[in-house]
Amino acid sequence: MVLAHTTITKEDLANFEKEIADIFATGAIRAPVHLRAGREEQLIKIFKENDIGPDDYVFGYWDSHELALLKGVPREQVKQAILDGKSISLCFPEYKVLCSGIAGSLMGTAVGVAWALKQQNKKGRVFIFCGDMSAETGSFHEAVKYAFNFDLPVKFIVCDNGLSVMTNTREVWGCPDPWFKNTKYEEKIIYFKYVNGFPHSGLGKLIKF
Ligand SMILES: Cc1ncc(C[n+]2csc(CCOP(=O)(O)OP(=O)(O)O)c2C)c(N)n1
């Protein structure tokens, strides 16, 4: 039996995002905040099924509050970082949580870390979480192909909400499915769909400071 590292529940994740939403609405956070709802169960399942723990690295992007909590960063530490304006680039190196607000970044970094772990016979794997449009970038293609070819300890988790900000990802690429569907590269990818209960960024209304 696999002992899951996280004991965080769906309600814990949802309540955290609601709390941040309420604070953001007051104008107290003078920086962008990206909130997510509707994928809590899928994320928890991925952390549990893959037994993601202290030796593993988690990479994410602008929407990583839930990832930091699931990786074990204390709730108050995540909250303080967000209040400090770091919602879109949460980094907690001591917990091996590294995020960036730059679309298309980090794919090579994640694969490089996986390469180093393998070469140095170190414990730990890499999990990089991104959106459906990020999964259509050139850097994602390159990273997945390289990771597959050298069988590196990295998984790419694609959280598909169908949108890139307000653009329909499938319309852009003229294809109902992501490029990797029914390819050998699926071995390195975990894919799920969800509907985001929040707008892409913020609360969908002007917040005045
Ligand atoms: C280099 C760069 N260009 C543009 C943006 C603005 N931007 C932020 S998120 C995003 C869309 C990403 O879509 P997707 O990967 O599907 O992520 P999700 O919908 O899950 O947030 C864009 C264009 C950015 N962060 N970085």
Side-chain angles (χ1 to χ4, degrees), residues 10 13-14 17-18 20-21 24 32-50 52 57-70 87-90 98-111 114 125-149 152 154-206:
K10 179 185 173 187
L13 293 179
E17 291 295 68
K18 276 191 208 119
I20 299 297
F24 186 70
V33 164
H34 290 57
L35 301 158
R36 293 291 178 265
R39 62 178 184 176
E40 299 87 354
E41 279 171 312
Q42 281 116 319
L43 291 180
I44 291 169
K45 188 165 171 260
I46 289 164
F47 270 76
K48 285 192 171 162
E49 283 185 357
N50 291 277
I52 299 177
Y57 288 78
V58 165
F59 287 88
Y61 292 89
W62 40 86
D63 58 335
S64 294
H65 303 172
E66 299 152 293
L67 305 182
L69 294 171
L70 286 166
S87 164
I88 64 168
S89 55
L90 291 175
L98 301 156
C99 306
S100 160
I102 301 173
S105 67
L106 293 182
M107 310 289 180
T109 316
V111 167
R125 301 150 298 163
V126 178
F127 295 87
I128 176 160
F129 294 75
C130 72
D132 42 292
M133 187 60 99
S134 297
E136 299 291 341
T137 59
S139 55
F140 182 91
H141 281 74
E142 290 171 356
V144 171
K145 286 173 77 176
Y146 195 84
F148 179 86
N149 191 30
L152 300 181
V154 54
K155 277 261 155 63
F156 300 80
I157 298 99
V158 180
C159 314
D160 183 350
N161 59 21
L163 295 173
S164 169
V165 188
M166 293 165 77
T167 299
N168 183 309
T169 302
R170 298 295 147 232
E171 262 178 35
V172 171
W173 297 103
C175 176
D177 296 309
W179 68 271
F180 47 79
K181 192 172 175 195
N182 297 328
T183 71
K184 62 184 180 182
Y185 301 111
E186 278 184 315
E187 191 185 298
K188 290 282 174 208
I189 297 168
I190 298 171
Y191 171 79
F192 69 87
K193 285 188 176 183
Y194 76 105
V195 176
N196 186 13
F198 287 104
H200 169 76
S201 170
L203 294 171
K205 60 180 183 189
L206 182 66

Considering all heavy atoms of both residues, which atom of [X] and which atom of [Y] are nearest to each other, and what is their separation?
| X | Y | result |
| --- | --- | --- |
| Cys130 | Tyr61 | CB-CE1, 3.7 Å |
| Ala21 | Leu203 | O-CD1, 3.5 Å |
| Leu90 | Ala68 | CD1-CB, 4.5 Å |
| Val144 | Tyr185 | CG1-CB, 3.6 Å |
| Leu70 | Ile44 | CD2-CG1, 3.9 Å |
| Gly202 | Leu35 | O-CD1, 4.2 Å |

With sequence neighbours excluded, residues passing salt bridge (charged side-chain N to carboxylate O under 4.0 Å, His left out) with Lys193: none
Return yes if some donor-acceptor pair links the side-chain N/O of [X] with the main-chain N/O of [Y] below 3.5 Å, else return no.
| X | Y | value |
| --- | --- | --- |
| Lys188 | Leu152 | yes |
| Trp62 | Ala103 | no |
| Arg36 | Gly197 | no |
| Tyr57 | Val154 | no |
| Asn196 | Ala37 | yes |
| Asn50 | Ile52 | no |

Derivation of the side chain to side chain contact (heavy atoms under 4.5 Å, CB included) call for Phe140 and Ile189: CA-CA 11 Å; Phe140 182 91; Ile189 297 168; 4.2 Å; yes
Nearest 0.5 Å please: distance from the [atom1] atom of [X] over to the [atom2] atom of [Y].
| X | Y | atom1 | atom2 | answer |
| --- | --- | --- | --- | --- |
| Leu106 | Cys99 | CG | SG | 7.5 Å |
| Gln42 | Ile157 | CD | CD1 | 12.5 Å |
| Leu43 | Cys159 | CG | SG | 5.5 Å |
| Lys45 | Glu40 | NZ | CD | 15.0 Å |
| Leu13 | Leu67 | CG | CG | 9.5 Å |
| Lys181 | Thr183 | NZ | OG1 | 11.5 Å |

Whether Tyr194 and Phe192 hold their rings parallel, tilted or perpendicular, with breakpoints at 30° and 60°: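 It falls in the tilted class, 30° to 60°.
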Residue pair Glu49, Ile190: steps toward the side chain to side chain contact (heavy atoms under 4.5 Å, CB included) verdict: CA-CA 11 Å; Glu49 283 185 357; Ile190 298 171; over 6 Å; no
Residues which pass ring-ring contact (aromatic ring centres under 6.0 Å, His included) with [X], listed by chain and number, not counting sequence neighbours:
| X | result |
| --- | --- |
| Phe129 | Phe47 |
| Phe180 | Tyr191 |
| Phe127 | none |
| Phe24 | none |

Is the closest side-chain heavy-atom distance between [X] and [Y] below 4.5 Å?
| X | Y | result |
| --- | --- | --- |
| Ser134 | Met107 | yes |
| Arg170 | Asp160 | yes |
| His65 | Ile20 | yes |

Lys/Arg-Asp/Glu bridge criterion (N-O < 4.0 Å) met for Glu41, Lys48: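 Answer for the salt bridge query: no.
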Non-neighbouring partners of Thr137 that pass side-chain hydrogen bond (donor to acceptor under 3.5 Å, both in side chains), sequence neighbours left out: Ser139
Side chain to side chain contact (heavy atoms under 4.5 Å, CB included) assessment of Lys155 paired with Arg125: CA-CA 8 Å; Lys155 277 261 155 63; Arg125 301 150 298 163; over 6 Å; no
Donor-acceptor side-chain pairing of Ser87 and His34 below 3.5 angstrom: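 No, no side-chain donor-acceptor contact under 3.5 Å.
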